[in-house]
Each structure stands twice: as structure tokens, then as C-alpha cells.
Number of protein chains: 2
Amino acid sequence: MSIHASGSCDQCSLKLLCLPVGLPDTELWQLDEIVQRRRPIPKGKVLFRMGSPFASVFAVRTGSLKTVLLSDDGTEQVTGFALAGELLGLDAINHGEHPVSAVALESTSVCEIPFDKLDTLAGQLPGFRQHFMRMMSREIASDESLLALLGQRSAEQRLAAFLLSLSTRFRARGLVADRFCLSMSRADIANHLGLTQETISRLFTQFRKQGLIEIHTRDLRLIDMDSLHRIAGIRFEPLSQTA
Amino acid sequence: MSIHASGSCDQCSLKLLCLPVGLPDTELWQLDEIVQRRRPIPKGKVLFRMGSPFASVFAVRTGSLKTVLLSDDGTEQVTGFALAGELLGLDAINHGEHPVSAVALESTSVCEIPFDKLDTLAGQLPGFRQHFMRMMSREIASDESLLALLGQRSAEQRLAAFLLSLSTRFRARGLVADRFCLSMSRADIANHLGLTQETISRLFTQFRKQGLIEIHTRDLRLIDMDSLHRIAGIRFEPLSQTA
DNA sequence: GAGCGGCGTTGATTCAGATCAGAAAGGGCG
DNA sequence: CGCCCTTTCTGATCTGAATCAACGCCGCTC
């Protein structure tokens, strides 16, 4: 049960990124009414576990998470990272259970939106329905970009594209685009990009020596974005909502 | 207006796989009314081109297509193959233009569903809305599995998994699971799996020599599915769990 | 502040799959 | 049927990233 009901969608700084997008104030309260605000999830703890029943979609309020798909043989794939304003659980609507686990990368708070109520609202408010479909669609499109990244690009290109994608997402959140903190470990980045931790580490030092970035453990600064773009080989269209 | 109106959803053999799923007969006619049936697309021709404006979702009636994402630098990624009963264009709802091109792999017929009408119907019929969301969700989940395939698996594992996945999809369409025709070229398979056509070719002969499959150009027979399953999903250790 | 464990870096070596180069097999068409 | 063109197959070689192996660093706890 959520007792921790600080804030409302109306007052939330993310309302231009998150589910409320496009909802007129006269309708926003209806969404607000079904949103449950939860107490923060500590770093390393799961929001939901792969295989667990699906009942709600989640929106990240603060912090970040990774989504991890565990295969039968024990292999893991970090399918994405979720930042503030992004939705989690869209992949679970179909089967009714989560195909991935969501793990907090830092202390993270989320809003819970019970799916049955969301669906009802989608029936009533065309604008909301359309926006929700767009968010699902964006998820598909961004997964496709990531597929192209994993299928066609060198390690160097992948990391450059990943950093630029993060940068874009931070900027969309009103943060500076050239200086941010990596909440995920090298191993998580590596896994997500289909590489190894050693390769990521080597690339970070290579980029640093080339004067493209500055990095101290997890504090990152992008110095030469143009070169990074050139390396990435893609004029980016964002990599992923969940990149 | 579509003049080529052969058949209706009600009579279509795919109605248990396609958009009509879960719609009671009393509502099916409403869907039927907005579906436009097109004349077949010849092999190699596009259904829609990357970058073109999005107006409709398409359902494959017969035949098959590949979806291709073209990057700025000219590299292509085959993001998927669409078989009968599957939807195309879901990734375009967000930006309003197609992020991929859809190319027919053989003579292929599709049904066109104008998205504005689909959305209206989604507002009116909860069952339809929920099913459509499930189809979008499934797309996301399956892209995530593919991500795991590209991120973590060897060439051998990728191809085995791909063949088994095709097999499953054919079976769901009432076809035999162990004998089918590959409508896509080796190059398409290779690209989709993040490999080269030479590797695919070598793997086919390897699988043949191991007695796992029989293959004559594009006519495939899966002989030892158990072994294919074993190949598709073994080895590797989990990766560090937290943060 | 000594010891410890998780993360990150660096170096040496290996190997899966890419690349390069042809040969063979179809397949459409005059 | 014979020609041409595309697709597929096979072999030889190369290479980017994985793997294997230490080691340093930082933040803990005791």
C-alpha cells in the first residue's frame, strides 16, 4: 500500500515526459487518482522480478533502474536502463508476467499505475490512449535501434552511441548533456552492449586519451561530442528510451 | 477504397492469431469494416519505406516480409521477419513515420488498418483495445529476447534459436513445425542475427552434417529438434547481480 | 588503520567469426 | 538449350574482442 503519496502528476517536473503528456488539466486528475506513489527502492533491490505476475506499469520518478532478462542457461542480458519519466513493464502486458526483472541502480522512486485502471482510462480519454500507444511504439522503435547497434556496430561505435544516447536522454530531462553520472557499472554497460567489462574499460581509457571524454569512476564528462558522433557513425536518432 | 475485398476477418483463417483475437462475432464486423484488403505485393517490393509517413498498421495475410532499418552510414539491419497474422507498423505510431522499411520476401498480401480508425475502435471496444496493447507488448518482449540473442549467444546458438523460433511460429499457424521453406536469403538471416552470410552457410552445412537438419537451398527440415534446443540454450555463467 | 571484497584497469594470449577470394549451383530468359 | 546473373558454398587468412590473469583502487567493517 502506498502511503507515501508525495506530489501529484500535476506538480511533477516530469509531466512533460511521462504519462501525463498531452492530457489537459481537466483530465489529469483522473490519471492522478489511479497513480500510486511508492517509497524508494534501495540500490540493488528489485522493483519486480522476471516471471512475477503483471498488474501494474511503473513510471520512474527519481533514480534509475536496469531491466535484466535471465535465460534458461543462466545468461543475463541487460535489455535497458530506465531513467526518470520512463515507463517499465510495457513488455509484460502480453503474457501477464514480467519477462524481465527491474533492478534499482541507485535509490529509486517510482509511480505505480495499475494496468486495469490505466486501460479503463485509455477507453475514456482518447488523448491518453494515443499517448500511451505512442510510448509503447517508441519502446519498439528504440529496441529496433538497439538491435541495429548490436547487430552491426563495433565495440567503439556501440559505446560512443550509448554515451550519446544517455546524453540526449539527460538533456530531455533538463539536465546538462555533457556531464553526468553513470549509475550503472561497467559490467552492466558491457552486458547491455553485448561486450565485456574489460572492453568497456579499455574503451573508456582510449576515449579519454583521445580527449573525447573525461571520466572519474562514474562521473563522466563528454568533451568532444562531434568526434563521438563521428565514431558512433549515426546521427542519432535516440538510441532508446530504455537504452 | 479497397476494391480487392476478398474475404472478411470472420472468414479468415488467421482470425485466431491476428487482430480479431478475442473479438466476439457481434463486434468483429466493426473491425472488418475498417480493414482494407490490398492486392499482393510482388517479391522484393516494399510495402512501406523507412521515413515515409505513418497512417496505417498492416497485417500479413499471406506471404512474408522483412523489416529493414537503414542507418546513415548505409549499414542495414534486418530487424525482423513478418509471417501471416503478424502486424507491421507498430513501431511507427510514435513518430508518425516508419522507422524501418518493409520488403516482401515473396508475393505477399496484407490487410491495411488505418490507424485513426483503429484508435477509434480501441476507444469503443475494450476487448479490442486490450488485444491490440497485448500485440504491441508482445513485440517489445520479443525484441528483448532478440536483444539477448544478439548480445550473448554464439553464431551456432543464434541460428539454432532462429530456426526453432520460425518452427514455433509456423506451428502456431497450423503448419508442420519440422518442415518449412525459408522465404528469406542467407544474407537476410545473417544480417538479422548479426552474422555474415558465410557463417550462416557454414552453420547450415555443419548442422546438416550433424544430422540436425536437412536443407536444399531454402527447403528446410528439422530432424533433431531436441539437439537444436540444446544448442540454442546452453552455457555461460551469470553476471554480477547488482548495480 | 589493517584487512577484505567488489569494482575497475591493464596486459598477454586466444579464438570465433569476419573478410577475402573463388567455385558451384540454381533460376530466369532469349 | 545455353547464357547470364544471383545466390550459396567452401577454403584461407586475418582481426577485434573475448578470455585469462594480475593488480590497483576505493569504500567497508572491525
### Message
For the residue pair B:Gln77 / B:Ser71, report whether a side-chain donor-acceptor contact shorter than 3.5 Å exists.
### Response
no

### Query
Which class fits the ring pair A:Phe81 and A:His192: parallel under 30°, tilted 30 to 60°, perpendicular over 60°?
perpendicular

### Task
Just say parallel, tilted or perpendicular for the rings of A:Phe54 and A:His98, cut-offs at 30° and 60°.
perpendicular

Rounded to the nearest angstrom, tell me the gap between atom [atom1] in [X] and atom [atom2] in [N].
X: B:Glu198; N: C:dC20; atom1: CD; atom2: P; value: 10 Å
X: A:Gln197; N: C:dT10; atom1: CD; atom2: P; value: 13 Å
X: A:Asp219; N: D:dC26; atom1: CG; atom2: P; value: 13 Å
X: A:Ile215; N: D:dC25; atom1: CD1; atom2: C1'; value: 15 Å
X: B:Met184; N: D:dT8; atom1: CE; atom2: P; value: 11 Å
X: B:Lys209; N: D:dC9; atom1: NZ; atom2: C1'; value: 10 Å
X: B:Leu159; N: C:dA16; atom1: CG; atom2: P; value: 17 Å
X: B:Ile200; N: C:dT19; atom1: CD1; atom2: P; value: 14 Å

Verify the contact: side-chain N or O of [X] to OP1 or OP2 of [N], cut-off strictly under 4.0 Å; return yes or no.
X: B:Arg218; N: D:dT8; answer: yes
X: B:Thr217; N: C:dG26; answer: no
X: A:Thr205; N: C:dT10; answer: yes

#### Entry: Heavy atoms of other groups near B:Arg49 CZ, more than 12 under 6.0 Å
no

### Query
Looking across every strand, which nucleic acid part, if any, lies under 4.0 Å from A:Ser201 by heavy atom: base, sugar-phosphate, or nothing?
base

### Message
Using a heavy-atom cut-off of 4.0 Å across all strands, would you classify B:Thr199 as base, sugar-phosphate, or nothing?
### Response
sugar-phosphate

#### Entry: Per B:Ser185 side chain, nearest of listed nucleotides D:dT8, D:dT19, C:dA18
D:dT8

### Task
When you get a sec, tell me which of D:dT8, D:dA17, C:dA18 is the closest nucleotide to the side chain of A:Ala155?
D:dA17

#### Entry: B:Arg202 (side chain) and D:dG11 (base): donor-acceptor pair under 3.5 Å
yes

### Task
Can you spot which of A:Arg208, A:Lys209, A:Arg221 makes a salt bridge (Lys or Arg N to Asp or Glu O under 4.0 Å) with A:Glu214?
A:Arg221

